[in-house]
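Structure record follows, encoded as structure tokens.
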Amino acid sequence: MSIENTPALPAHSREASFERGMEALTAIDGAGGQKVIDSLAVISPELGHQVVAWAFGEIYVRPGLAPRDRQLVTLGMLTALGGCEPQLEVHINAALNVGLTADEIVEALLHAAVYCGMPKALNATFVAKKVFSERGLLRAQAA
């Protein structure tokens with residue numbers, strides 16, 4: 001079957017996945033996720049739809065992992081990939097939203113350094129620093 005002949009999902013399935021995805025996106029990412037979707041509207045609304053319907057409406061809602069565990073996996077993957085700092089910012093906020101602490105996030109990023117290298121872990125940690133600063137979570141340094 002060629003891609004041109006691939007049938008589209010029925011509208012009700014497509015809409016149901018999107019609605020389910022929007023609920024998950026809002027619960028996990030809050031305004032940050034919506035900003036990403038909104039920013040895609042003028043260039044690739046279909047990519048925005050797929051992020052909501054597939055990533056959040058089909059994958060994030062699966063029962064196999066708790067939301068906090070999904071965010072830990074996501075942080076590790078984005079750190080290992082490198083070059084994903086904007087997505088890391090969204091997902092560090094999401095990790096905090098689903099119950100991870102700043103200390104747990106820092107520990108996860110430190111752990112990632114063993115597997116993906118110091119430069120990627122440093123970049124991810126600096127993103128975490130930015131998010132923590134914006135949310136008033138940075139610890140005061142001892143003098």
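Heads up: numbering here begins at 1 and tracks the sequence.
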Spell out, yes or no, whether [X] and [Y] are grouped together once hydrophobic residues are joined by side-chain heavy atoms under 4.5 Å, including indirect joins.
{"X": "V51", "Y": "L88", "value": "no"}
{"X": "V131", "Y": "V98", "value": "no"}
{"X": "V90", "Y": "V127", "value": "no"}
{"X": "V52", "Y": "V61", "value": "no"}
{"X": "I43", "Y": "L47", "value": "yes"}

Please collect all salt bridge (charged side-chain N to carboxylate O under 4.0 Å, His left out) contacts where either partner lies in [range], sequence neighbours excluded, each pair once.
{"range": "residues 36-54", "answer": "R14-E46"}
{"range": "residues 107-134", "answer": "E89-K130, K130-E134"}
{"range": "residues 60-84", "answer": "R68-E104"}

Using the side chain to side chain donor-acceptor pair (under 3.5 Å) criterion, which residues pair with D29? Sequence neighbours excluded.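 For D29, no residue satisfies side chain to side chain donor-acceptor pair (under 3.5 Å) once neighbours in sequence are set aside.
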Counterpart residues, side chain to side chain donor-acceptor pair (under 3.5 Å), relative to N123 (two or more places apart):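 For N123 there are no side chain to side chain donor-acceptor pair (under 3.5 Å) partners, ignoring immediate neighbours.
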Interatomic distance, [X] atom [atom1] to [Y] atom [atom2] [nearest 0.5 angstrom]:
{"X": "L75", "Y": "I105", "atom1": "CG", "atom2": "CD1", "result": "6.0 Å"}
{"X": "L110", "Y": "T125", "atom1": "CG", "atom2": "OG1", "result": "7.5 Å"}
{"X": "I28", "Y": "N97", "atom1": "CD1", "atom2": "CG", "result": "9.5 Å"}
{"X": "Q50", "Y": "E58", "atom1": "CD", "atom2": "CD", "result": "10.0 Å"}

A102: partners by side chain to side chain contact (heavy atoms under 4.5 Å, CB included), with sequence neighbours left out: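 Only F132 meet the side chain to side chain contact (heavy atoms under 4.5 Å, CB included) criterion with A102.
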Which ILVMFWY residues are connected to [X], directly or by a chain of links, through side-chain heavy atoms under 4.5 Å apart?
{"X": "V73", "value": "M77"}
{"X": "W54", "value": "I59"}
{"X": "F126", "value": "L122"}

Looking at every heavy atom in both [X] and [Y], which two are closest together, and how far apart are they?
{"X": "L25", "Y": "G33", "result": "CD1-CA, 3.7 Å"}
{"X": "G48", "Y": "I37", "result": "O-CD1, 3.6 Å"}
{"X": "A121", "Y": "A113", "result": "CB-CB, 3.5 Å"}
{"X": "A124", "Y": "I92", "result": "O-CD1, 4.1 Å"}

Pair listing, ring-ring contact (aromatic ring centres under 6.0 Å, His included) test, anchored in residues 13-50, at least two apart: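 Non-adjacent pairs meeting ring-ring contact (aromatic ring centres under 6.0 Å, His included): F18-H49.
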Name all pairs fulfilling the ring-ring contact (aromatic ring centres under 6.0 Å, His included) condition that reach into residues 89-113, sequence neighbours left out, sorted by first residue then second.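 Residue pairs with at least one partner in residues 89-113: H111-Y115.
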Do Y60 and Q71 have side-chain heavy atoms sitting under 4.5 Å apart?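 They are in contact (side-chain heavy atoms under 4.5 Å apart), so the answer is yes.
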Should R135 and N93 count as side-chain neighbours, where that means a heavy-atom distance under 4.5 Å?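 Heavy-atom side-chain distance check passes, below 4.5 Å.
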Considering residues at least two apart in sequence or located in another chain, which fulfil the salt bridge (charged side-chain N to carboxylate O under 4.0 Å, His left out) criterion with E19?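 Partners of E19 under the salt bridge (charged side-chain N to carboxylate O under 4.0 Å, His left out) test: none.
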